[in-house]
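Below: the structure, in structure tokens.
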Amino acid sequence: MSIPFYILIKPIVYLVAVIVFWQTAKKNLDSRRRFAAIIAGLFVISVGLSIFEGAGPVDNVISIGGHQVRYAVARGVLENLGLFAIVASLLMLLRKRLETARREVRQLARIAAGSADAIVGIDEEARVTSWNRGAEMVFGYFGDEMIGQKVARLMPRDAWEKCDAAIGRCREEGFVRGLSCRMTGKNAGE
């Protein structure tokens with residue numbers, strides 16, 4: 001009895017699918033169990049069909065539930081349904097994750113927008129990307145006056161140099177910790 005090479009590849013493919021899903025669904029135990037059950041079932045069916053095929057000559061027609069079906073058609077349908085189930089499960093999970101992330105972003109945006117504390121977002125070029133009501137109250141500028149402007153507009157030169165160095169570290173490391181900069185408002189010079 002010779003076993004086709006693709007039988008050895010299938011467990012690796014299924015294992016990779018399980019690992020990807022498991023990492024994606026870490027917090028959702030029910031989803032992980034359902035997906036693992038689907039993969040296990042598909043693996044058993046696929047290997048069973050492969051062993052059946054490798055055991056000897058396969059008749060062109062097999063009997064499934066009293067119906068005569070061509071073996072190649074039955075195998076193709078089962079394997080393609082399995083792949084469809086894997087992809088559909090992953091897409092459903094990713095859709096749920098995306099909806100959750102969008103909901104969290106909207107909630108955080110509402111919190112930041114309504115905060116009495118100044119919350120100012122800047123990009124890598126130190127241009128203001130977001131400006132909340134608290135920033136309007138603290139600095140005296142409206143959002144439309146500051147969005148797109150350099151944040152240096154709010155700082156004396158010596159404070160800007162320190163902040164600019166911190167932005168450079170943020171580009172390299174992805175975050176900045178413990179930064180404190182002196183900032184001035186719209187009417188600071190008056």
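None of the values given here were measured: they were computed from a predicted structure.
Each ring-ring contact (aromatic ring centres under 6.0 Å, His included) pair with one or both residues in residues 90-124, not counting sequence neighbours, would appear here, but there are none. Among pairs with a residue in residues 120-131, none fulfils salt bridge (Lys or Arg N to Asp or Glu O under 4.0 Å), at least two apart in sequence or across chains. Under the salt bridge (Lys or Arg N to Asp or Glu O under 4.0 Å) criterion, the residue pairs touching residues 128-153 are Glu145-Lys186, with sequence neighbours excluded. The ring-ring contact (aromatic ring centres under 6.0 Å, His included) contacts involving residues 98-125 comprise nothing, where partners must be two or more places apart or lie in separate chains.
Legend: residues meeting side chain to side chain contact (heavy atoms under 4.5 Å, CB included) with Arg157, ordered by chain and number and at least two apart, are Glu161. Applying the salt bridge (Lys or Arg N to Asp or Glu O under 4.0 Å) criterion to Arg182, with sequence neighbours excluded, gives Asp158. Arg106 pairs by the side chain to side chain contact (heavy atoms under 4.5 Å, CB included) definition with Arg102, Arg103, Arg110, not counting sequence neighbours. Taking Glu104 as the reference, Thr100 meet the side chain to side chain contact (heavy atoms under 4.5 Å, CB included) condition, with sequence neighbours excluded. Remark: Arg95 pairs with Glu99 by the salt bridge (Lys or Arg N to Asp or Glu O under 4.0 Å) rule, at least two apart or across chains.
The two atoms that bring Ala159 and Cys181 nearest to each other are O-SG, 4.1 Å, heavy atoms only.
Here SG of Cys170 is found 12.0 Å from CZ of Arg177. Values are rounded to the nearest 0.5 Å.
For Asn132 (side chain) and Ala112 (main-chain N/O), a donor-acceptor pair under 3.5 Å exists by modelled atom type.
Val151 belongs to a hydrophobic cluster whose remaining members, ordered by chain and number, are Val120, Ile122, Val128, Trp131, Val138, Phe139, Tyr141, Met146, Ile147, Leu154, Met155, Trp160, Ile167, Met183; membership requires side-chain heavy atoms of ILVMFWY residues under 4.5 Å apart, directly or through intermediates.
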